[in-house]
Each structure stands twice: as structure tokens, then as C-alpha cells.
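Report on one structure; see the data block that follows.
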Amino acid sequence: NILSIKSPVITLSGETPMLWLIARGVNGASQSASKTLASEVIAASEKAKADPNIVVVNTVTKTDAQPGDTVMYTLICKNIGAGDATNVLLSNPVPNGTIYFEGSASGEGTDITFDRGTTAPAQSGALTVLRWKLRDALKGGKEQIVTFKVVVQ
């Protein structure tokens, strides 16, 4: 089962085209297996010539999680173009029916920020969106991996 998310290419910081390509469940897969799947999807993507061209693949370790299960999301961002992508910002909402596993967001070479909601008293301050800003340009052919975990309610 594969869920494709198609959207028009948008421009980041006036220069970098971006395409959110695919989201796929990888039942019980490790980060290594998720990365392999993402590499296959990325390799099948249309390649740009001299410009940066960002492809993001989002995978999840469990597609049939039960209440109390911990699920890891992995976003793999690759510049399949030849130019450097600057000011790259990745974001992911915390899925409905889950709670962010505090301290689980990671991404080497990134600055991680969060949005917190204040709607329900029991969830006051619950994390709603995670963001990773890449500190350095993402060079052509290079990738960045970021992860976070949630607990299913």
C-alpha cells in the first residue's frame, strides 16, 4: 500500500523548487529499511539539471499501531538536483490521535522548533507541529534525515 501526495512544486526562499513526493508505511521497519525505501523512491523521481530540486519522503514504522504503541516517523529530504538548496525547512504535524514522545525529535545539523497548542486542559501545551531548519545548504545529491516519535492514544 502506498499513499502518494501530489502537490505543485513550490519555491522556497525564492530559489529552491520543492516536491513532497510520497508517504509510505513501513511496518516494523528500521530507520535503515526506511532509508532504503526512500532511496528507491527518490531514484525513480524526475531529476533536475543544474538547479536544486528537493524530494521529501515520509515513512512511518507502524501502519496498524494500537493505543500505547510508539511509532517513529522518518523524513528523508534529498536534493536530487545539482545546485545547492538553501534555507531548507522541514515540518511535520503531530498526527491526530497521537502525542509527541518528548525528546524524540532528531536531525543532525538542524535546529528543531515546535508549535504547541493550548486547546484542551488535559493536553494543554501539547506539541502540534515539529520543524527542522537545516543549518547548512543541502548540496546536490545529498540528503538529510530527521525523525520523531509519537505514542498512539
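Judged as a salt bridge (Lys or Arg N to Asp or Glu O under 4.0 Å), and not counting sequence neighbours, Lys142 has no contacts. Considering only residues two or more places apart in sequence or on other chains, Ser106 meets the side-chain hydrogen bond (donor to acceptor under 3.5 Å, both in side chains) condition with Thr147. Shown here are the side chain to side chain contact (heavy atoms under 4.5 Å, CB included) partners of Arg135, two or more places apart in sequence or in another chain: Asp111. With sequence neighbours excluded, the residues that form a side chain to side chain contact (heavy atoms under 4.5 Å, CB included) with Ser104 are Tyr100, Phe101, Phe148, Lys149. Taking Asp69 as the reference, Lys62 meet the salt bridge (Lys or Arg N to Asp or Glu O under 4.0 Å) condition, with sequence neighbours excluded.
Here the side chain of Thr74 pairs no donor or acceptor atom with the backbone of Thr59 at under 3.5 angstrom. The backbone N or O of Gly141 lies less than 3.5 Å from no partner atom in the side chain of Glu143, so there is not a single donor-acceptor pair. Checked by atom type and distance alone, the side chain of Asp84 never pairs as donor or acceptor with a backbone atom of Leu138 at under 3.5 Å.
You'll find the side chain of Asn79 stays beyond 4.5 Å of the side chain of Lys139, heavy atoms only. Two residues are said to be in side-chain contact when any heavy atoms from C-beta on lie closer than 4.5 Å; Cys77 and Trp132 fail this criterion. In this structure, Lys133 and Thr113 have side chains that are not in contact, with every pair of non-hydrogen atoms separated by 4.5 Å or more.
With values rounded to the nearest 0.5 angstrom, Ile80 atom CD1 is found 11.5 Å from Asp51 atom CG. Residue Asp115 holds its CG atom at 5.0 Å from OG1 of Thr128, rounded to the nearest 0.5 Å.
Results of the side chain to side chain contact (heavy atoms under 4.5 Å, CB included) test with Thr110 over Ile145, Leu134, Val88, Asp136 single out Leu134 as the only residue that passes.
Ser91 and Val129 make their closest contact through CB-CG1, 4.3 Å (heavy atoms, listed as atom of the first residue, atom of the second, distance). Thr98 and Val152 make their closest contact through CG2-CA, 4.2 Å (heavy atoms, listed as atom of the first residue, atom of the second, distance).
One hydrophobic cluster, built from ILVMFWY side chains closer than 4.5 Å, holds both Leu127 and Val71.
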